[in-house]
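These notes are about the structure you will find just below.
Every chain is numbered from 1 and lettered A, B, ... according to where its sequence line falls, protein lines coming before strand lines. All heavy atoms count here, side chains included; hydrogens, waters and symmetry mates do not.
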There are 2 protein chains.
Amino acid sequence: MQKLQIIKIGGKIVNDGQKLDRFIDHFTQLDHPKILVHGGGNSASRLCKNLDIPIQMNNGRRITDTLTLDVAVMVYAGLINKTIVAKLQEHPCNALGLSGADLNIIPATKRSGTEIDYGFVGDIQADEINTYFIKRLLDEQIIPVFSAITHDEQGQLLNTNADTIASVLAVALAKNYEITLTYCFEKVGVLHDEEDEGSLIKHMTMDYFSELKDDGTIHDGMIPKLDTAFEALKRDIDKVYIKHAQNLTTKIGTELAL
Amino acid sequence: MQKLQIIKIGGKIVNDGQKLDRFIDHFTQLDHPKILVHGGGNSASRLCKNLDIPIQMNNGRRITDTLTLDVAVMVYAGLINKTIVAKLQEHPCNALGLSGADLNIIPATKRSGTEIDYGFVGDIQADEINTYFIKRLLDEQIIPVFSAITHDEQGQLLNTNADTIASVLAVALAKNYEITLTYCFEKVGVLHDEEDEGSLIKHMTMDYFSELKDDGTIHDGMIPKLDTAFEALKRDIDKVYIKHAQNLTTKIGTELAL
């Protein structure tokens, strides 16, 4: 089976011009075919703040109202996505920026039935992904660059977690490709001590993850990230890594195992 | 030769939800293949104002500095482009939103050598357009939806006039398709008296345009629009129309002739 690399980069890299340039240098060195998924980090929140749009949170979860969604679409599908595409074209790598609405690649369902109304948040499923056009693009040596914006097929754009998009795309494409899924962020991998880059956990099993969750070693944003990553691993993804963006082309990082 | 319709819609339609929905209804009724190019109107200026980004003008021409470019990319390539794509998918029409950086379809050159420094403004030429991927998309029954953002192939995004993008795309594709180019806006066509929708000029020749320019009947923004439209007509475009967005599927409007 043909190999495919799916790389997700986080907002802290995307929002730093120098870090982004360095990441893109590494990304362009990877063999084709490959897919890039990007987050947006705090840039949407910053723009909300500058526009006096209140950031609504409920139990640590953001509520995406109409104005917040507009900002997310502007920042993620607009500025960040096109900035990355232009930088890739410079190399030259033939990139195509996509939201989930484009080519109807990622249909989503507005989250409902939860205690809290999260607003315009889209939940996605691997068997809903339209893999036909992704395969056609990859066959043409094109690099799809996904922002975390989806749609409900009824004309409504939705905001979806970028880690989830990377994981769900991987699962959807696993019947056609032997997939390596790599989450890149600004640390060397999952750490025993988050202040010590020397405390890298090179191999992480699900049991070990549970243990480290229970004792508080792994906490906050790393928990949903690892949950999402393990979700992919459980569903036929060959290899899943968590790496520093600068180490993309090296073996340094955390490899997940069931 | 296969027919192709290239439709440009202006900012005043794009910025009005109801008008946009009506336009999209008409647009979806057109035969395939077709391309949509959209402007952004004053929505980028509004966002600049809300963000306290000063709007710099010189002799009535906008200067695109770094912050203004970011706003243009967010609004044109982000919010407006993806809103249109999501609305088209609802019908369902398989749309793909594009900037000129995506697939390197519209390489541009940063304007230079002018008396005024316009900033991040991109000039484009028909023989630089990468028509290969446009043809591939149209063959797959995909509807390309272009925002007015281009790039210099060196990693820099640029702002380009949307009327010009429609005209230059038409010229670039004229060797492969028999093209109808239609500029849609919020008036019934070119008018003798801009306050009187009954004063429609049904046929406009270049000589007549010169005459009406000289006597002041045609003025302001209509002059560059018609210049751009005639430019296309001079370069092998079959038919060029200026129409009300609501009249897209009718014969009502101004037809240009050399």
Side-chain angles (χ1 to χ4, degrees), chain A residues 17 20-21 24 43-44 47 50-53 69-105 107 130 132-133 136-137 140 142-145 147 149-158, chain B residues 17 20-21 24 43-44 47 50-53 69-105 107 130 132-133 136-137 140 142-145 147 149-158:
Chain A
L20 180 58
D21 286 342
I24 284 179
S43 46
L47 185 57
N50 290 340
L51 290 169
D52 289 326
I53 298 170
L69 177 69
D70 282 358
V71 167
V73 174
M74 288 198 287
V75 173
Y76 303 160
L79 189 57
I80 294 176
N81 191 264
K82 298 315 166 196
T83 298
I84 291 173
V85 168
K87 282 177 188 285
L88 283 168
Q89 291 292 354
E90 184 187 0
H91 273 268
C93 279
N94 200 10
L96 170 61
L98 294 164
S99 74
D102 295 297
L103 302 173
N104 191 25
I105 287 182
N130 289 310
Y132 169 79
F133 283 115
R136 293 301 304 268
L137 295 170
E140 290 268 2
I142 292 164
I143 300 162
V145 178
S147 64
I149 299 298
T150 57
H151 77 137
D152 71 354
E153 298 181 282
Q154 310 294 316
Q156 180 63 56
L157 294 165
L158 295 166
Chain B
L20 180 58
D21 286 343
I24 282 178
S43 45
L47 186 56
N50 289 341
L51 290 169
D52 289 325
I53 297 170
L69 178 69
D70 282 358
V71 168
V73 174
M74 288 197 288
V75 174
Y76 303 160
L79 188 57
I80 295 177
N81 190 263
K82 298 314 167 197
T83 298
I84 291 173
V85 168
K87 283 177 187 286
L88 282 168
Q89 292 291 356
E90 184 188 1
H91 272 267
C93 280
N94 200 9
L96 169 62
L98 294 164
S99 74
D102 295 298
L103 302 174
N104 192 24
I105 286 180
N130 289 310
Y132 170 79
F133 283 115
R136 294 300 304 267
L137 295 170
E140 290 268 3
I142 293 164
I143 300 163
V145 178
S147 64
I149 300 298
T150 57
H151 77 137
D152 70 355
E153 297 181 284
Q154 310 294 315
Q156 179 62 57
L157 294 165
L158 296 167

Winner by heavy-atom pair count (cut-off under 4.5 Å) against chain B, out of [options]:
options                             : result
A:Lys82, A:His91, A:His151          : A:Lys82
A:Asp52, A:Leu47, A:Asp21           : A:Leu47
A:Ile105, A:Ile24, A:Val73, A:Leu69 : A:Val73
A:Gln156, A:Lys87, A:Gln154         : A:Gln154

Which region of [X], side chain (C-beta onward) or backbone (N, CA, C, O), has a non-hydrogen atom less than 4.5 Å from a non-hydrogen atom of chain B, or is it both or neither?
X        : value
A:Tyr76  : neither
A:Ile80  : neither
A:Ser147 : neither

- A:Thr83 vs B:Leu157, side chain to side chain contact (heavy atoms under 4.5 Å, CB included): CA-CA, chis, key distance, verdict: CA-CA 7 Å; A:Thr83 298; B:Leu157 294 165; 4.0 Å; yes
Can you tell me which of [options] forms the most heavy-atom pairs within a distance under 4.5 Å of chain A?
options                             : answer
B:Ile84, B:Asp152, B:Asn94, B:Leu98 : B:Asn94
B:Leu79, B:Val71, B:Asp70, B:Val75  : B:Leu79
B:Gly100, B:Ser99, B:Pro107         : B:Ser99
B:Leu103, B:Leu137, B:Leu96         : B:Leu103

Checklist entry - Does the B:Gln89 side chain pair with the main chain of A:Gly155, one donor and one acceptor, at a distance under 3.5 Å? => result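 The answer is no, because no donor-acceptor pair under 3.5 Å joins these two groups.
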Say whether, by atom type as modelled, one donor and one acceptor occur between the side chain of B:Asn50 and the main chain of A:Leu51 under 3.5 angstrom.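 Such a contact is absent between B:Asn50 side chain and A:Leu51 backbone.
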Which atom pair, heavy atoms only, marks the closest approach of [X] to [Y]?
X        : Y        : answer
A:Arg136 : B:Arg136 : NH2-NH2, 3.0 Å
B:Asn81  : B:Val145 : ND2-O, 3.1 Å
B:Gly97  : A:Asp102 : N-OD1, 2.6 Å

Exercise for review: For the residue pair B:Ile149 and B:Leu158, establish whether any side-chain heavy-atom pair is separated by less than 4.5 Å.
Suggested key: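 No. Closest side-chain heavy atoms not under 4.5 Å.
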Does the side chain of B:Glu153 reach to within under 4.5 Å of the side chain of B:Asn104, using non-hydrogen atoms?
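In contact.
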